Amino acid sequence: MIEMKSNEAITQDHASEHLAKLAFMANQIGDFFKSYPEAEAIASIADHINQFWTKRMREEFRTGFEKDASALSPLVRQARDKVRPAPAA
């Protein structure tokens, strides 16, 4: 028997996958900068995300890991607070 998922479940799965991809990318950036002194690494991670990620990606990163940032490395967790929010429309 084929189980059908509701639209809500599909949307939730898609959002979870998207957050997992953002975490993966942010952690890769964190891995690059982890050999820097901690304060410089945190600033560099946030700066990279602010420069190269779209407003939408930044906003989803900021809000998506607000309650549970366990998927993020410790450096990336600290840098998340320095990522600029998307400007209000």
Side-chain angles (χ1 to χ4, degrees):
M1 182 171 154
I2 297 174
E3 185 179 328
M4 297 296 290
K5 288 187 174 184
S6 69
N7 285 341
E8 185 178 318
I10 292 170
T11 302
Q12 200 169 33
D13 286 349
H14 178 69
S16 295
E17 279 183 31
H18 185 65
L19 281 179
K21 288 177 186 177
L22 290 177
F24 181 79
M25 290 188 299
N27 286 332
Q28 283 184 310
I29 296 164
D31 284 344
F32 178 82
F33 289 112
K34 71 182 175 188
S35 63
Y36 287 42
E38 186 174 303
E40 187 178 349
I42 292 166
S44 296
I45 293 164
D47 185 54
H48 181 90
I49 291 171
N50 285 326
Q51 284 187 39
F52 298 108
W53 285 21
T54 66
K55 292 178 218 172
R56 181 178 173 188
M57 289 170 68
R58 290 195 322 266
E59 193 59 28
E60 289 171 351
F61 178 70
R62 287 171 44 83
T63 59
F65 296 104
E66 204 165 46
K67 292 181 182 165
D68 180 13
S70 61
L72 304 176
S73 72
L75 284 174
V76 174
R77 269 185 238 141
Q78 293 177 70
R80 188 189 140 283
D81 295 334
K82 299 181 183 314
V83 172
R84 286 191 307 266

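Computed from a predicted model, the values in this text were never measured in an experiment. Just the heavy atoms: all of them, side chains too, but no hydrogens, waters or symmetry mates, feed the values below.
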* **Distance in Å, S44 OG paired with K82 NZ, rounded so as to fall on 0.5 Å steps** => 11.5 Å

* Structure fact -> dist R84:CZ -> D47:CG (nearest 0.5 Å) comes out at 8.0 Å

* Structure fact -> Note: K34 and D31 closest approach over all heavy atoms is CG-O, 3.2 Å

* To do: Write down the atom of W53, the atom of M25, and the distance for their closest heavy-atom approach.
  => CZ2-CB, 3.9 Å

* Heavy-atom side-chain proximity of R58 to P85 below 4.5 angstrom -> no

* Asked: Where the side chain of N27 meets the backbone of A71, is there a donor-acceptor pair that is under 3.5 Å apart?
  -> yes

Give the table of side-chain donor-acceptor pairs shorter than 3.5 Å for residues 72-80, with sequence neighbours excluded, one pair per line with atom names and distance.
from	atom 1	to	atom 2	distance (Å)
S73	OG	V76	N	3.4
R77	NE	A69	O	3.1
R77	NE	L72	O	3.0
R77	NH2	L72	O	2.8
Q78	NE2	P74	O	3.4
R80	NE	R62	O	3.1
R80	NH2	R62	O	2.7

* Residues in ring pair (Phe, Tyr, Trp, His ring centres under 6.0 Å) contact with F52, at least two apart in sequence or another chain -> H48

* For F65, all residues meeting ring pair (Phe, Tyr, Trp, His ring centres under 6.0 Å), sequence neighbours excluded -> F61

